[in-house]
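These notes concern the structure reproduced below.
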Amino acid sequence: MERQMDYCALMNGLQELDFQGKAVPSDLVLIGDHAFPLLMNPRGQVLIAASRYGQGRIVVLGHEEYITHFPILIENALAWLMPSCGERTTVGIHKSLHSLATNLCYTSMKTKVDDFQSDFAVYISDAYSVDACAKDLVAFLKTGGGLLIAGQAWSWAAAYPEENTLLSFPGNKVCSVAGIYFSELQGELGKFPVPMQIPSSWLAVSIGKDFKEDLQFLLEGVSEFDIQGGALASEVMAHGPLAFPIGVTAGGRAFIAGAYYGQGRVIVVTHEGYMGRESLSGFMINAIRWLDEGRNGVIGVSHNLREAHTILSRSGLDCQFTGLREDLSVFVCTSYSDAQSKEIQEFVAEGGGLLIGGHAWYWAQCNPNRNVMTDCPGNRILNKMGLCLMGRTVESGLYKAQQVTEVGNSTQAYHFRDLLQRFAGHVAQGHDLTEHDHGCLDKLRHDCENYLRMQAHDCASYTSVVALLADMVKEAGVPQVCHTCPINSAKDKLLLHVGTEVYKVCQDPDALLPFIITDIPSLPTVSNARVHISANTSDCEEWISTGLYLSPGMRTYIAVPAELMGKGWQLQIGCQTDYLGNADVLKRAPVVHERFALDKEMPQVWNLWGGLIYLIAPPNSKVDGVEVVIQTAIKAPYYKSGETSVASWVNEIRNAPAPWAELEFENLIISLHSEGIRQLDRPDEVANLWDSIMRGIADLAARPAKFPRKERFVADVQISHGFMHAGYPIMILSSCGPELVNPDSARKHGLWGAIHELGHNQQRWVWEFPPNTTECTCNLWSVYVHEEVLGVNRATAHENMRPERRQSRAQSYAMAGRNLEHWSMWTALETYMQLQDTFGWDAFKKVFAAYHNINNVPGDNNGKMNLYAETFSKVVNRNLAPFFKAWGWPIQSGTEETLSSLPEWSDHPMAQYGC
């Protein structure tokens with residue numbers, strides 16, 4: 001809002017500006033959080049811009065003639081630039097612009113034509129005369145002065161072709177600290193309207209420089225980047241107009257990147273260990289010299305980077321162990337602290353170089369509920385510079401250096417802004433994409449998603465990308481993905497991702513909604529729904545159902561009681577929590593749930609895709625009967641054992657309008673599409689079924705019948721992997737949902753898959769031997785529940801449990817040499833089934849019970865297998881060592897000696913195969 005207010009003040013009274021004269025302006029490049037365009041032509045070129053730096057303000061015009069050509073704009077600008085305090089009131093005007101003084105004599109402003117003086121309130125100069133006083137002007141701006149600078153750089157660049165315009169053009173030595181650069185590109189002329197809002201265009205979302213010369217310098221003598229070994233790097237995103245990737249994988253993922261920022265430069269290396277790695281020394285020396293810019297100044301190296309100091313000293317520059325100092329040419333540090341973020345940013349903006357190393361993946365793992373793009377310490381330094389460390393890792397490897405000669409043509413290295421602009425042109429104007437572009441769309445999709453999560457709404461660069469993406473969604477629409485209309489093209493997936501993410505951050509999401517979801521049914525709502533919450537959680541979070549639903553895009557307010565507010569509680573909309581972003585084919589959007597922290601009395605909540613409403617209780621929390629009021633919502637079919645009568649369910653509740661329903665029982669909750677329960681007459685019989693199954697699950701695990709947290713099933717149109725998968729919730733395909741609510745079928749045919757997943761949730765590391773038993777021991781619960789609870793014989797429950805198949809697997813395994821590499825899944829299950837056949841289920845219950853009290857479990861599979869053999873032997877009072885050895889287990893002599901006093905099981909099933 002501050003930027004918009006500034007824009008309105010500067011453009012007040014202007015409907016259009018006429019640039020049709022002979023004065024050809026420079027296209028201005030904007031970076032950072034504070035610079036914003038005032039006038040943009042249809043090509044997306046910025047001709048006039050404004051910004052702030054420190055306590056001061058600056059307005060930049062792309063040609064000096066505009067100072068006299070647009071009098072209203074200049075008067076507005078001077079009023080905006082004038083410091084708020086009244087101590088300084090004089091407007092200083094450089095003698096090259098003396099005619100402006102005449103124009104301003106009719107105003108109340110006090111003017112003086114002279115060289116720069118620090119006691120001016122505002123100083124006006126052309127962009128060519130500031131070289132000698134550039135440092136003084138920056139200090140003036142930083143301490144609250146106002147600057148108006150006008151000029152163009154394209155003729156200067158033609159006169160000095162060997163110079164770096166961004167760094168060497170006089171005007172850029174001042175304006176760049178505020179994120180505005182005169183470029184060598186000419187601006188297109190015309191008569192242009194002045195929009196009500198800060199202008200934006202998809203054409204403006206582009207890189208602001210050809211980085212060919214920079215890469216030639218940095219990659220001189222560098223043929224490859226060796227990032228093999230244990231130092232795991234993060235990916236870095238070069239998202240700013242003056243940021244660029246340097247070290248990249250074959251797939252275009254960057255692990256080293258650079259940028260111009262103000263008058264200085266920065267290089268980020270996404271693991272600090274790389275800065276001191278011998279195999280990367282050639283690049284690091286090039287990097288430090290690129291950052292030094294020929295000053296031959298002092299290189300300050302943080303004390304914890306001794307290996308980097310050793311490498312960088314070979315550059316011949318004066319490398320010293322020190323903290324950040326103003327007299328340094330380059331500062332070398334890690335990215336793990338933002339304590340000096342402002343000082344570092346100013347150091348670079350005012351001409352210093354920064355070499356910074358570190359990753360973000362570990363921070364992201366340790367802070368799963370925080371935004372790595374905005375909250376990670378390194379990103380609080382780097383985001384303004386157009387760089388961002390991401391939570392994703394880059395695979396270790398040996399990667400070829402970029403072929404610099406290809407930069408600038410269609411085979412150039414991936415750059416986020418560059419490809420985004422081309423894709424927008426493809427969508428908006430039908431421009432063709434190259435084969436290389438098409439191959440990068442999946443990466444662009446991930447980068448758009450991450451970039452939007454920066455939520456840098458005060459940054460004009462960010463808002464221009466948001467505006468571009470919103471316009472792109474309106475122009476192209478979003479594929480209406482569903483189970484009957486899946487999508488698989490990179491373009492469609494990109495549009496779906498972008499539509500989802502831009503909806504969350506754009507200024508007017510309601511206007512965007514019809515382009516993302518074209519058909520939203522109107523459902524009856526209830527007001528001020530009161531939900532009473534009770535929870536007593538252990539060491540994990542718990543979803544608490546409300547029986548309420550929000551339609552796509554529907555907003556509501558939540559009255560949060562003091563017992564919950566600010567104590568880690570959250571509200572979730574949507575039960576489908578699987579992330580599908582890596583799927584080849586999509587039958588729904590990749591993310592369709594949303595969470596909100598309950599840290600305010602009355603937060604507003606919504607979800608683009610709608611969904612059931614849940615309260616999320618944090619670990620180790622206890623509340624009883626606390627009331628939460630939801631302002632507006634839609635009732636969902638919701639049955640809860642012990643509270644909902646069958647009559648109420650049949651006559652009213654099952655007909656509730658929400659498209660999602662829930663059935664909550666003693667130890668289990670099932671979420672599925674409402675169409676699957678509309679004809680369900682006896683939810684109490686479904687409850688009886690699942691109550692008995694869940695008691696059976698607990699019985700075999702030797703756990704109390706009442707689960708500390710109810711298990712959950714969610715039936716979704718698509719899940720992240722498999723036909724079903726374990727977790728909280730257990731995810732299953734929608735087609736399986738009706739099976740869960742059909743007691744007759746369950747008792748006749750069984751529910752192998754569902755119980756298999758419940759078994760996964762019972763597996764414990766102390767008696768698991770991954771990966772061999774990952775898909776094996778969970779089936780102990782499948783067999784037990786089917787036989788002991790459902791009354792379905794194991795051979796009927798699953799074809800792989802038929803006697804002939806069991807015997808064939810055991811025999812084949814024994815004849816093949818009893819190699820544990822082949823001991824997995826059904827073969828491994830046979831080991832346990834042979835134990836069960838002889839010693840019964842009680843033996844397993846006693847073994848699981850024993851493990852509840854066993855401490856100091858070995859950390860490796862060999863040790864754990866010996867402990868299991870010993871534990872099971874003691875439970876059944878038989879020496880099972882020969883049996884386990886017959887299965888190829890690595891039974892140690894110490895274990896055999898410990899079990900030698902027990903009666904030996906010599907006639908075990910594997911003995912028939914010569915064991």
Side-chain angles (χ1 to χ4, degrees), residues 482-483 521 523-526 529 531 543-551 574-576 610-614 633-697 707 710-719 723-724 729-758 785-786 789-792:
C482 65
H483 70 287
L523 302 176
T525 63
V526 293
V531 181
W543 300 8
I544 299 174
S545 301
T546 65
L548 298 170
Y549 171 87
L550 289 182
S551 287
C575 58
Q576 307 145 274
L612 292 169
I613 302 174
Y614 302 90
I634 297 164
K635 281 191 173 183
Y638 176 44
Y639 175 89
K640 188 172 183 179
S641 295
E643 295 184 13
T644 308
S645 70
V646 173
S648 296
W649 169 260
V650 171
N651 295 328
E652 177 186 0
I653 296 173
R654 69 177 178 181
N655 298 314
W660 279 86
E662 285 198 325
L663 305 173
E664 181 169 351
F665 311 132
E666 180 184 43
N667 284 312
L668 180 79
I669 304 169
I670 300 173
S671 307
L672 71 169
H673 292 293
S674 295
E675 61 192 32
I677 55 83
R678 295 296 190 197
Q679 304 302 316
L680 179 62
D681 296 326
R682 295 298 303 272
D684 55 326
E685 292 183 357
V686 182
N688 291 336
L689 169 71
W690 283 103
D691 288 349
S692 61
I693 289 174
M694 298 307 291
R695 292 189 193 110
I697 297 284
F707 280 49
K710 296 182 180 184
E711 295 278 21
R712 282 184 174 272
F713 279 107
V714 172
D716 196 0
V717 66
Q718 184 176 5
I719 63 177
F723 190 66
M724 302 180 180
I730 296 169
M731 299 298 303
I732 68 173
L733 291 176
S734 297
S735 58
C736 302
E739 298 176 5
L740 303 186
V741 295
N742 189 334
D744 292 338
S745 175
R747 292 192 170 95
K748 182 177 181 181
H749 304 291
L751 291 165
W752 187 278
I755 299 169
H756 170 97
E757 303 306 338
L758 288 166
V785 168
H786 277 83
V789 177
L790 299 177
V792 178

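Computed from a predicted model, the values in this text were never measured in an experiment.
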In Å and rounded to the nearest 0.5 Å, what is the [atom1] to [atom2] distance from [X] to [Y]?
X	Y	atom1	atom2	value
Cys736	Asp716	SG	CG	11.5 Å
Leu672	Cys575	CG	SG	9.0 Å
Phe665	Glu711	CZ	CD	14.0 Å
Lys635	Leu548	NZ	CG	8.5 Å
Gln576	Leu612	CD	CG	8.5 Å

Of Tyr638, Trp660, Trp543, the residue whose pairing with Tyr614 passes ring-ring contact (aromatic ring centres under 6.0 Å, His included) =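 Among the candidates, only Trp543 passes.
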Can you name the closest pair of heavy atoms from [X] and [Y] and give their distance?
X	Y	result
Pro743	Leu689	CA-CD2, 3.9 Å
Ser641	Ala687	OG-CB, 3.5 Å
Ile732	Ile719	O-CG2, 3.8 Å
Val741	Gly676	CG2-O, 4.1 Å
Leu523	Tyr549	CD1-CE2, 4.4 Å
Asn667	Asp691	N-OD1, 4.4 Å

When you compare the side chain of [Y] with that of [X], does any pair of heavy atoms fall below 4.5 Å?
X	Y	result
Val785	Leu758	no
Phe707	Ile697	yes
His673	Ser734	yes
Leu790	Ile755	yes

Run the side-chain contact (heavy atoms from CB on, under 4.5 Å) check on Leu751 and Ile693 step by step: do they pass? CA-CA 10 Å; Leu751 291 165; Ile693 289 174; 4.2 Å; yes
Partner residues of Phe713 under the ring-ring contact (aromatic ring centres under 6.0 Å, His included) criterion, sequence neighbours left out
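Only Trp690 meet the ring-ring contact (aromatic ring centres under 6.0 Å, His included) criterion with Phe713.
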Whether the side chain of [X] engages the backbone of [Y] through a donor-acceptor N/O pair (distance < 3.5 Å, no angle test) should be reported.
X	Y	result
Ser671	Val714	no
Thr525	Ile634	no
Trp649	Asp684	no

Tell me the side-chain hydrogen bond (donor to acceptor under 3.5 Å, both in side chains) pairs involving residues 736-750, sequence neighbours left out?
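As it turns out, there is no side-chain hydrogen bond (donor to acceptor under 3.5 Å, both in side chains) pair with a partner in residues 736-750 once direct neighbours are skipped.
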Tell me the salt bridge (charged side-chain N to carboxylate O under 4.0 Å, His left out) pairs involving residues 650-668, sequence neighbours left out?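 The answer is Arg654-Asp681, Glu662-Arg712, Glu664-Lys710, Glu666-Arg695.
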